[in-house]
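Just below is one structure, and these are the notes that go with it.
Worth knowing before you read on, the calculation uses all heavy atoms, side chains too, and leaves out hydrogens, waters and symmetry mates.
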Amino acid sequence: MISKENILASAKKTILSESQSIAKLTDFLDENFIEATQNIYNSKGRLVVTGIGKSAIIAQKMVATFNSTGTPSLFLHASEAIHGDLGMIQNEDSIICISKSGNSPEIKVLVPLLKRFGNPLIAITGNTTSFLAKGSDFVLNTTVDAEACPNNLAPTNSTTAQLVMGDAIAICLMEMRGFKPEDFAVYHPGGALGKKLLLRVKDMLEHTLKPMVSPDASIKKVIFEISEKRLGVTAVVDQDKVIGIITDGDIRRMLNDRDSFANLTAKDIMTKNPKLISSTAMVVDALNILEDFSITQLVVVDNGEYKGVLHLHDILKEGIV
């Protein structure tokens, strides 16, 4: 039975092997990479990415990355291409073909067909003298010394190198387009990422729960307002202006410090100058303020008008963190 030490040693060896293969890719970047990236950027069509076997899986991931970062892309399986799927290629599309050897039977059949359409063909291959490389307009070298597999058979370093080369193209295209977080949000409206990029404070306000008391309100009134609105806080509002807040923590501290509160009012125990935020602010920015000041609520105010309270718990429920 293999020991725990051997398991860790094998894992570390694999990671180091793949990381070294990735690092060597920088030595392979040349005019081919520049021209291929410029070709994709200037293309009026889409980017078609194709491959066979494990390279096909890498191609699918590349397509997902390109689509989410502003480069319209689609996946074409090399073996399905010759059975009708070539029909998805349009005149102005650019094509990336991925293959470690560049000499597999499917690739040898596919490349002449792709060239027949006249589309620019970009090879990502570990063999720069292969059939694929010789038939391509641009060749991106992803040669690796060996696979991390102890038998040097299972695609590991080679597929990682392919993936990283695709990421390098995608990031270059993002920078060339000036792709911004708000652009990214357009393609990621769902899940935690979408909420982080799109959700604004106003989207989370429950306007029926808008706790407020006057400065002269009794402590009993304050406690009732906090309890009824269930936000653990109430704003203290004077002539439509928020002048302070009272949290349930303020109530507890008051009870600890005083034997009687019959003569106290809201203004006697409120915290002045509370942290404010606009309803149009991003929720992720509100979260940063809450974390920076170690507080759990923010008073929402637009142009001096009190809009409500944003609570940390509501942010957490949205799954943004």
Less than 4.5 Å apart, any side-chain heavy atom of Leu76 and any of Val49? no

When you compare the side chain of Ile226 with that of Leu231, does any pair of heavy atoms fall below 4.5 Å? no

Value for CD1 (Ile269) from CD1 (Ile219), rounded to nearest 0.5 Å, stands at 3.5 Å

With a cut-off of 6.0 Å (strictly less than), are more than 12 heavy atoms of other residues, nucleotides or ligands near CG of Asp27? yes

Closest non-hydrogen atom pair between Lys61 and Asp167, with its separation: NZ-OD1, 2.9 Å

Counting C-beta onward and ignoring hydrogens, is there a side-chain heavy-atom pair between Leu47 and Asp93 closer than 4.5 Å? no

Report the C-alpha distance between Leu173 and Thr69 in whole Å, list the side-chain angles of each, state the deciding distance to 0.1 Å, and finish with yes or no for side-chain contact (heavy atoms from CB on, under 4.5 Å). CA-CA 8 Å; Leu173 291 170; Thr69 53; over 6 Å; no

Nearest-0.5 Å distance, CG of residue Leu110 to CZ of residue Phe131: 9.5 Å

Using distance alone, with no hydrogens and no angle criterion, decide if Asn39 and Ser94 have a side-chain donor and acceptor under 3.5 Å apart. yes

Taking atom types as modelled, find out whether Thr143 and Asn141 have a side-chain donor-acceptor pair closer than 3.5 angstrom. yes

Backbone of Thr65 reached by a side-chain donor or acceptor of Ser68 within 3.5 Å: yes

Once you round to the nearest 0.5 Å, how far does OG1 of Thr280 lie from NZ of Lys202? 7.0 Å

I'd like to know if Leu86 and Leu132 are part of one continuous hydrophobic network [Ile/Leu/Val/Met/Phe/Trp/Tyr, side-chain heavy atoms within less than 4.5 Å]. yes

Can Met174 be reached from Phe66 by stepping across I, L, V, M, F, W or Y side chains whose heavy atoms are under 4.5 Å apart? no

In short, Ala161 meets Val144 closest at the heavy-atom pair CB-CG1, 4.1 Å

Could you pull out the closest heavy-atom pair between Ser99 and Thr125, with the gap in Å? O-OG1, 2.8 Å

Could you walk me through whether Ile315 and Met204 pass the side-chain contact (heavy atoms from CB on, under 4.5 Å) test, one step at a time? CA-CA 8 Å; Ile315 298 177; Met204 296 189 62; 4.2 Å; yes

Going by distance alone, is a donor N or O of one side chain under 3.5 Å from an acceptor N or O of the other, for Thr71 and Ser73? no

Are any side-chain N or O atoms of Thr159 and backbone N or O atoms of Thr156, one a donor and one an acceptor, separated by less than 3.5 Å? yes

Just by distance, with hydrogens left out, do Asp302 and Ser279 show a side-chain donor and acceptor under 3.5 Å apart? yes

Please determine whether a side-chain nitrogen of the Lys or Arg among Glu228 and Arg230 lies less than 4.0 Å from a carboxylate oxygen of the Asp or Glu. no

Do Ile246 and Lys267 touch side chain to side chain, with heavy atoms closer than 4.5 Å? no

Rounded to the nearest 0.5 Å, how far apart are OG1 of Thr50 and CD1 of Ile124? 11.5 Å

Nearest heavy-atom pair of Ser136 and Ala123: which atoms, and what distance? OG-CB, 3.2 Å

Quick one: does Ser19's side chain have a donor or acceptor within less than 3.5 Å of a partner on Leu16's backbone? yes

Between Thr271 and Gly244 (side chain of the first, backbone of the second, donor and acceptor by atom type, cut-off under 3.5 Å), is there such a pair? no

For a 4.5 angstrom cut-off between non-hydrogen side-chain atoms, does Val213 reach Val237? no

Has the side chain of Thr247 got a donor or acceptor atom that lies under 3.5 Å from a matching backbone atom of Asp250? yes

Can a donor-acceptor pair be found between the side chains of Ser55 and Gln162 at a distance below 3.5 Å? yes

How many angstroms lie between NE2 in His77 and CG in Asp85, if you round to the nearest 0.5 Å? 10.0 Å

Should Met88 and Leu74 count as side-chain neighbours, where that means a heavy-atom distance under 4.5 Å? yes

How far apart are the closest heavy atoms of Thr265 and Asp216, and which atoms are they? CG2-O, 3.6 Å

Does Asn263 CG have over 12 foreign heavy atoms under 6.0 Å away? no

How about Phe117: does its CZ atom have over 12 heavy atoms from other parts shown lying under 6.0 Å from it? yes

Evaluate whether atom NZ of Lys115 has more than 12 neighbouring non-hydrogen atoms of other residues, nucleotides or ligands under 6.0 angstrom away. yes

Do Phe224 and Ser218 have side chains that get closer than 4.5 Å, going by heavy atoms? no

Hydrophobic cluster membership, Phe75 vs Met165, 4.5 Å side-chain cutoff: yes

Please determine whether side-chain contact (heavy atoms from CB on, under 4.5 Å) holds for the pair Val299 and Ile277, giving the CA-CA distance in whole Å, both sets of side-chain angles, and the decisive distance to 0.1 Å. CA-CA 6 Å; Val299 177; Ile277 194 165; over 6 Å; no

Should Leu140 and Val164 be counted in the same cluster of Ile, Leu, Val, Met, Phe, Trp and Tyr side chains packed under 4.5 Å apart? yes

Report yes or no: do Glu106 and Ser79 form a side-chain donor-acceptor pair below 3.5 Å? no

Decide if atom NZ of Lys275 counts as having more than 12 heavy atoms of other residues, nucleotides or ligands within a radius under 6.0 Å. no

Looking only at heavy atoms, what is the nearest atom pair of Cys97 and Leu121, with distance? CB-CD1, 4.0 Å

Flag, side chain of Asn119 to backbone of Gln90, donor-acceptor distance under 3.5 Å: yes

Can you tell me if Ser17 uses its side chain to pair, donor with acceptor, with the backbone of Lys13 under 3.5 Å? no

Quick one: pull up CG in Leu298 and CG in Leu276 and give me the separation to the nearest 0.5 Å. 8.5 Å

Is there a donor-acceptor pair closer than 3.5 Å between any side-chain N or O of Glu147 and the backbone N or O of Asn157? yes

Using a 6.0 Å cut-off, check whether atom CG of Asp145 has over 12 heavy atoms from anything other than its own residue. no

If we ignore hydrogens and angles and just use 3.5 Å, is the side chain of Asp257 paired with the main-chain N or O of Met254 as donor and acceptor? no

Tyr306 six-ring centre to Lys241 NZ/CZ under 6.0 Å and within 45° of normal: no

Flag side-chain contact, heavy atom, 4.5 Å: Tyr41 against Thr37: no

Quick one: does any side-chain atom of Asp30 pair with a main-chain N or O of Asn32 as donor and acceptor, under 3.5 Å? yes

Neighbour count above 12 (heavy atom, 6.0 Å) for Asn42 CG: yes

For side-chain contact (heavy atoms from CB on, under 4.5 Å), just list the numbers for Ile95 and Ile89, CA-CA rounded to whole Å, side-chain angles, deciding distance to a tenth of an Å, and then say yes or no. CA-CA 9 Å; Ile95 304 170; Ile89 299 176; 3.9 Å; yes

Carefully, step by step, assess Glu225 and Thr234 under the rule side-chain hydrogen bond (donor to acceptor under 3.5 Å, both in side chains). CA-CA 7 Å; Glu225 186 71 0; Thr234 183; 4.7 Å; no

Hydrophobic clusters here meaning ILVMFWY residues chained together by side-chain heavy-atom distances under 4.5 Å, can you tell me if Phe138 and Leu29 are in one? yes

